[in-house]
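To start, the structure itself, in structure tokens.
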Amino acid sequence: MPEDPAAVALLDALFGNSPYLTETALQNQSFMTDLWRRGPDAASIDLSAELEATRAAARDSAPPVTIATSLRRLKRRVSLTVAVADIAGHWPLDRVTGELSSFASSCLSALSDSILLQLARDGQLAIGNDPQAAAFTVLGMGKLGAGELNYSSDIDLILLYDRDAPALAGNDQLSRHFVRAARMLVQLMSETSADGYIFRTDLRLRPDPGSTPLAMSVQAAELYYESVGQNWERAAMIKAHPVAGNHAVGAEFLTSLKPYIWRRHLDFAAIHDIHSIKRQIDAHRGGGAVKVLGHNIKLGRGGVREIEFFAQTQQLIFGGRNPALRLRATCQTLRALAAAGHVTPAAAEDLIEAYGFLRRVEHRLQMVDDQQTHSLPTDEAGLAAIATFLGYGDARTFSDALLACLLCVEGHYARLFEEAPSLAGPGGNLVFTGADDDPGTLETLRTLGFRDASAAAGIVRRWHHGRYRATATARARELLTELMPGLLKALASTAAPDQALLNFDRFLNNLPAGVQLFSLFKSNPALLDLVAAIMGSAPGLAAHLARRTLLLDSVLSPAFYRPLPSAPEMAADLARSLAELDHEQDILDQARRWANDRRFQVGVQQLQAIVRPAQAGTAYADIAAATISALCDRVERRFAETHGGFRGQRLAVLGMGKLGSREMSATSDLDLIFVYDIPAGMEASDGPRPLPPIQYYTRLSTKIVTALTAHTNEGALYEVDMRLRPSGRAGPLANSLEGFESYHAQSAWTWEHMALTRARVIHGPAGLVERLTDIVTATLCRPHDPVSLVRDVADMRDRIARHAPPKSRWDFKHLPGGLFDIDFVAQYLALRHAAERPDLLDPHPGEMLRRAANAGLLDRADAERLRTTRALLSDVQSLLRLTLDGDESTFDEAAAPEGQRRLIAATEGASNLTELQMRIDAETAAARAIYRRIVEEPARAAGWKPRADDKGNEP
């Protein structure tokens, strides 16, 4: 041997380039010597005989663990044999890949037989000693199905069983038993022991792997492919082939799928459907550059995947009419396409030659350490080592040959479907075919702004699996594929991209169909941008749109963006829509649809900056007032049918807080007080089941609160807070007009009169509305002792500061110099001077400050500063509540997505959130100083002292 230069070169190649082959040779020295003496062909015959003996042992009931141990030991010797034959050039490429594929199939056959017989011995399958009776088949996919396994290849499988097989009849646990078999097969094939491993095994090419068992019935698989099978799955099934188990079951299954894979008549839509595979994979316009260092021989531009795809797409288009093209092997397919005139002979030969070259490079990369790798080394030394392993004298010669090959493949691939638009995303790949995450796609998603790129890719793949009604048809998925770059870009540009994608996923799940909407998005990109903005910037709006997808029709109407009608007009509109309904549940549902649709309209207008937050606040309050009024009317009438009344409707609803001042936000609750007025002499209602007044109006008020707060299939309306009623929680739910007046004249605390400054009568008969309004005004105009008043106001603010300190710098109510401080100044001045100047009163604190300045009771500069600060805080608060799931105090600017930070800053004209926060800090500091000067310092001068905290510190 030393005299044979070729033999010496072969030994040098083995021991000089591959630690894995070196170790294998040293562990199997007698086999290596025999291999060297007799050659790979003889060694292969011996290994086949040994493998057949192992298969026979499996059929003779040898335990699966024993079979797996034998196969692992065989695998190392098979690997060594194939490597020697490949490196020496003794076997051509198809023999190398064929031997690896044949061995993998035999391993699967031996193990699956052994496992099925083990299940029979365990009493789970009634197949006796015949594993074929289990009707269990193993389909080899990808390179295994095509007989083209690479040196360290994973094997992709689909495991199926025929539930109608005679031996399986009456077994209601089939799925559980075959899943157990599948799990054992994957484990024994993949796990590594001291003897190595057999083959890494992957079942993710099975139908919808995220929601189906590891093994499924052929009947279920047929239904999946015929109903929601995807484009890439059609291409993948071209190479499917029974490799183990019951081959007849597998062959019959593949025969049944021929109409799905091989479409005889291709219309424009079908060809477009096939084009979409290329546009998703897109390696020539959206991928990286052709290079050498670090290049991925399989997935990179000019790589093996492009050659395979070149052949498969032509098969999908022309194979339906020409069965001669229905081949599994890549090179055979290219020759058949050339013979049929679909590919030029020169192009076919170029690609066949390139395929052989790239596969040899791939094998040398994998032989080094038996790693499933396809990428060249990233450093010059590593590249030189691979060049040497391939027999090149220097790295430059290898690099030149590789570049020429890659550019050749890229050129042919780039001319394939040249007219089809690219689906590469902004800045890189957007590939969602197959079951694995595409690294380039993950990088693109991260660049776009998605924090959890893998989760985002998984959501999009779920859409393509057709699990939703909206994506169940091929046409819907094709349109969605075309929309994907624009859709993801739009979602990524929102305040919270990851949440936007989740919300859009929920929206898709609720759609009854997708083609019409996706077509609408395609023809109207502005609508897609709007929907994306809703999904990523306004969780409440997104939830409502997901529940009420029909709203998209109204969004396209110009009327959707006009101001809402007045509160009385809206109340009349809602009353008309409720008038035809009798059942209580229908009334509640319709009220929720009506109110939530209009709140959605206001929210969209606010999000699109069509209305300012203050205008939105007025609209939200008017919607609430209309809803309260309409529901009160219906509930009162229904209640009167049983209990009668007191000569007509005699209940009024007083709106407090932001409802009273018409400053509501998207998430505001309702502060309400119920007041009734009974004619003299009536001690009970006049219905079939009469009730005394207090009991009557307590029950009626409870029913109204329930109508406003109950959750139905149409969602919720409002939370209701009744704590501002006389005596708070200790008081009755409804108060008589006389009791309300006397309480505020004799028993109310100062803070209750402060709250009453924002009161507004929302609903009631005209006479009662007028009388109640007069009582509120008279109460507020009653003279107050200035000293006691200023001390009470300061004390109330101090109590709030101690018991409810700000939760964050965005907690604008409790922040020093925030809304409480400003409103307390307005309310203090109103109560202090309303006896002489009743014109000071207005439910809106900002308006009271303006009137106080006009009356000379407040310095005009102070008034403007307080009004400006209040408007700033209210506007930002309103936007935060629109864009957050919680209240504004939960906002964390450090963790907030950049889009949300920009949105909040932009609403007040700031360039960024830091600038806005600096402005807020300056404004609130000034407002706090004004509060101290007007309220706190006079209170201290009057003898008031703030209470110390638990540590004895005075604020």
Drop me the distance from [X]'s [atom1] to [Y]'s [atom2], to the nearest 0.5 angstrom.
X      : Y      : atom1 : atom2 : result
Arg364 : Leu390 : CZ    : CG    : 5.5 Å
Ile459 : Leu508 : CD1   : CG    : 10.5 Å
Leu491 : Asp505 : CG    : CG    : 11.0 Å
Ser18  : Ile87  : OG    : CD1   : 7.0 Å
Cys408 : Leu403 : SG    : CG    : 12.5 Å
Leu111 : Gln187 : CG    : CD    : 11.0 Å

Which atom names give the shortest non-hydrogen contact between [X] and [Y], and what distance separates them?
X      : Y      : answer
Leu80  : Tyr151 : N-OH, 4.1 Å
Gln366 : Ser153 : OE1-N, 4.4 Å
Ile297 : Leu358 : CG2-O, 3.6 Å
Leu445 : Ala453 : CD1-O, 3.5 Å
Trp262 : Ile238 : CH2-CG1, 3.8 Å
Arg72  : Ile198 : CG-CG1, 3.6 Å

Determine, stepwise, if the pair Asp370 / Tyr197 fulfils side-chain contact (heavy atoms from CB on, under 4.5 Å).
-> CA-CA 11 Å; Asp370 191 31; Tyr197 67 101; 2.9 Å; yes
Verify, without hydrogens or angle tests, whether [X] (side chain) and [Y] (backbone) share a donor-acceptor contact under 3.5 angstrom.
X      : Y      : answer
Thr471 : Trp463 : yes
Asn322 : Ala324 : yes
Ser190 : Val186 : yes
Asp498 : Asp452 : yes
Arg234 : Ile261 : yes
Ser493 : Ala490 : yes
Gln312 : Ala235 : yes
Glu410 : Leu406 : no

Output all residues satisfying side chain to side chain contact (heavy atoms under 4.5 Å, CB included) with [X], sequence neighbours left out; order by chain, then residue number.
X      : answer
Thr81  : Phe31, Leu35, Pro40, Ala43, Leu47, Trp91
Ser256 : Glu222, Phe253
Ser399 : Val292, Leu383
Arg183 : Val179, Leu214

Sequence neighbours excluded - ring pair (Phe, Tyr, Trp, His ring centres under 6.0 Å) pairs with any residue from residues 369-398 | Tyr392-Phe398
Exceeds 12 heavy-atom contacts within 6.0 angstrom, atom CD of Glu353 | no
Under 6.0 Å from the CD atom of Glu252, do we count more than 12 heavy atoms belonging to anything else shown?
-> no
Beyond-backbone contact of [X] with [Y], side-chain heavy atoms, under 4.5 angstrom:
X      : Y      : result
Leu376 : Lys291 : no
Met141 : Ile158 : yes
Leu144 : Phe199 : no
Val368 : Tyr20  : no
Leu188 : Glu191 : yes
Leu365 : Pro377 : yes
Ser375 : Asn296 : yes
Glu23  : Arg76  : yes

Check the pair Leu160 / Met216 against side-chain contact (heavy atoms from CB on, under 4.5 Å), numbers first and verdict last.
-> CA-CA 5 Å; Leu160 304 170; Met216 60 192 304; 3.7 Å; yes
Going through the distances and angles, do Thr22 and Asn17 end up as a side-chain contact (heavy atoms from CB on, under 4.5 Å)?
-> CA-CA 9 Å; Thr22 299; Asn17 295 288; over 6 Å; no
side-chain contact (heavy atoms from CB on, under 4.5 Å) with Ile155: which of Val138, Asp202, Leu149, Leu100?
-> Leu149
Atom pairs and distances, side-chain donor-acceptor, residues 328-341, under 3.5 Å, sequence neighbours left out:
{"residue": "Arg328", "atom": "NE", "partner": "Gly145", "partner atom": "O", "Å": "2.7"}
{"residue": "Arg328", "atom": "NH1", "partner": "His241", "partner atom": "ND1", "Å": "3.3"}
{"residue": "Thr330", "atom": "OG1", "partner": "Glu148", "partner atom": "OE1", "Å": "3.3"}
{"residue": "Thr330", "atom": "OG1", "partner": "Glu148", "partner atom": "OE2", "Å": "3.4"}
{"residue": "Thr333", "atom": "OG1", "partner": "Ala329", "partner atom": "O", "Å": "2.7"}

Might you work through the side-chain contact (heavy atoms from CB on, under 4.5 Å) test for Leu325 and Gln314, ending with a clear yes or no?
-> CA-CA 9 Å; Leu325 301 179; Gln314 305 304 295; over 6 Å; no
Using a strict cut-off of less than 4.0 Å between a Lys/Arg side-chain nitrogen and an Asp/Glu carboxylate oxygen, indicate whether Arg396 and Asp394 qualify as a salt bridge.
-> no
Identify whether NZ of Lys or CZ of Arg in Lys75 sits under 6.0 Å from the centre of the six-membered ring of Phe103 and within 45° of that ring's axis.
-> no
Please state whether the rings of Tyr225 and Tyr260 are parallel, tilted or perpendicular, taking 30° and 60° as the class boundaries.
-> tilted
